[in-house]
Amino acid sequence: MAAVKLIGSPISPFVLRTMIALSLKKVEYELLPEKLGEKSELLLKSNPVYKKIPVLIHHDRPICESAVIVEYIDQVWPESGYGAILPADAYHRALHRFWTFYVDDKLFPSLVAIGKAETEEAKAEAVEQFRAGLRLLEEAFVKLSEGKAFFGGDQVGFLDVMLGCFVVWIEAMEEVLSLELLEEATMPALHGWVVSFRAHEAVKEVMPESGKVVEFFKMIRAMRMKAAADATN
Amino acid sequence: MAEAVVLLDVWVSPFGQRCRIALAEKGVAYEYKEEDLSNKSPMLLQANPVHKKIPVLIHDGKPVCESLVIVQYIDEVWSDGAPILPADPYARAQARFWGDFVDKKIYECGTRLWKLKGEALQEAKKEFIEILKVLEAELGDRKYFGGDAFGYVDIALVPFFAWFYTYETCGGFSVEAEAPKLVAWGKRCMERESVSQTLYDPLKVYEFVGFLKKKYGVE
């Protein structure tokens, strides 16, 4: 019986966040993927409030919400693997947490809006909103990285994990929708960061294959379009 | 030095109040600056260029934004006062989870209670009562959400205690009838100076919302 279990699969960027954290800390765990369209009894019991993945189960106690889980992992295994995920000083911790709020409240919904847009106009608007958000993160990266490879400086830090989990989805959507979202011209620092992030051992170990994410995105798009078509018939 | 800590805020903001309560609990001296949101100060625009919103805590010239980020920052910097977040990792994770729940649910749904009418209002009322019941169940028979000690979740939620009158009046229900333990908890929190000195009279909040309703053309 594994002491650490994680409900979910890395196709979900929120699950991927927690897997990157566990990988950085070299924690062994049992991954329990859910079946698409069905919620397991374990999930419903472990996360009765939201019924969503990821859920970390440690010594039979569930922890929910990806940001909460990553902070928990960092606190429980402080010196393990690569060391601390949250920055050492309180002010930088506040900045990483502030930008995580931004990513979850603003950036991620605009990414979703791109995928869901039903008209060219709506898509263009969502794309511009998303790019504007990335431009803010470009500025934040320059300030926080202080010339180093990551938001956390030399080490992968909290914001690297909280933002980096979307990289493979951004790339998948760029491919399927023939768009450039993370523009090298206007976001050169973030572009460099993506390369460093993807190259990190702990990230490579858990990052899903681009092909799989592309296929998954195509599939849910097709399902959504079919549902919309069925609804209008 | 009191000038080393500045809070940019608006009197009625429950988000700003979270910060005020946390600062009071820690006994931190600070300068309070009331913002006029229809005429935002250059200080605010510079301190929070991303959202241009209050509250912002400025500590030794460095701005911290997002009320729950500020509360955690206060807890970490003034660590010799009583802890706001528990030390135990699991208890801390639970506190963060519930603080996030309050953040996601109360304000958004509560706002719909005074902004909307008809079908949409009934929907909001149903949802809000559900949120109250979830919090009631989580609180159980404990003194505070943190157990015996007043903490993070209490701070995240208690400013909305002054809004219950507004929510129930606009929504047409009774918070006490739906969540009596929660109301008793709110009254217990009000026995703490940090809370009673920070929250405004529910009637004053209701009056303020009346002004907002006129502004948004809700009637």
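Computed over heavy atoms, backbone and side chain alike; hydrogens, waters and symmetry mates excluded. Here is the naming used below: chain letters follow the sequence lines, and residue numbers restart at 1 for every chain.
Heavy atoms from other residues, nucleotides or ligands lying under 6.0 Å from CZ of B:Phe173 number more than 12. Other residues, nucleotides and ligands place no more than 12 heavy atoms under 6.0 Å from the CG atom of B:Asp148. Heavy atoms from other residues, nucleotides or ligands lying under 6.0 Å from NZ of B:Lys213 number more than 12. Residue-environment remark: CD (B:Gln122) exceeds the threshold of 12 foreign heavy atoms within 6.0 Å. Annotation for A:Glu128: atom CD counts as buried by contact number, over 12 foreign heavy atoms lying within 6.0 Å. With a 6.0 Å radius and a threshold of 12 heavy atoms from other residues, nucleotides or ligands, A:Glu184 has its CD atom at or below the threshold. The neighbour count for A:Lys106 NZ, taken as heavy atoms of other residues, nucleotides or ligands under 6.0 Å away, does not exceed 12. The 12-atom threshold is exceeded at NZ of A:Lys123, counting heavy atoms of other residues, nucleotides or ligands nearer than 6.0 Å.
Neither the backbone nor the side chain of A:Pro48 comes within contact range of chain B, judged by heavy atoms closer than 4.5 Å. Residue B:Ala87 touches chain A through its backbone alone, counting heavy-atom pairs closer than 4.5 Å. Looking at B:Arg92, the atoms closer than 4.5 Å to chain A (heavy atoms on both sides) all sit in the side chain, from C-beta outward.
Aromatic ring orientation, A:Tyr50 versus B:Phe101: tilted (interplanar angle from 30° to 60°).
The candidate with the highest count of non-hydrogen atom pairs below 4.5 Å against chain A, out of B:Ala95, B:Gly99, B:Pro49, B:Pro63, is B:Pro63. Per-residue counts of heavy-atom pairs under 4.5 Å with chain A were compared for B:Val134, B:Val69, B:Val77, B:Leu68; the largest is that of B:Val69. Counting heavy-atom pairs closer than 4.5 Å to chain A, the top residue among B:His59, B:Gln94, B:Lys104 is B:Lys104.
Contact check for A:Phe101 versus B:Asp103: side-chain heavy atoms found under the 4.5 Å cut-off. Contact annotation: the side chain of B:Phe97 approaches that of A:Val49 to within less than 4.5 Å [non-hydrogen atoms, C-beta and beyond].
The two residues B:Ala93 and A:Ile63 have their closest heavy-atom pair at CB-CG2, 3.9 Å. Between A:Val68 and B:Arg96, the shortest heavy-atom distance links the atoms CG2-CB, 3.8 Å.
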Might you work through the salt bridge (Lys or Arg N to Asp or Glu O under 4.0 Å) test for A:Arg93 and B:Glu76, ending with a clear yes or no? CA-CA 10 Å; A:Arg93 279 200 292 278; B:Glu76 290 169 13; 2.7 Å; yes

ring-ring contact (aromatic ring centres under 6.0 Å, His included) assessment of B:Tyr73 paired with A:Phe98: CA-CA 11 Å; B:Tyr73 178 82; A:Phe98 169 82; over 10 Å; no

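A:Glu65 CD to B:Trp98 CH2: the interatomic distance, rounded to the nearest 0.5 Å, is 10.5 Å. Note that CD1 of B:Ile70 is 12.5 Å distant from CZ of A:Arg97, once rounded to the nearest 0.5 Å. Here the straight-line distance linking atom OH of A:Tyr102 with atom SG of B:Cys65 works out to 13.0 Å at 0.5 Å rounding.
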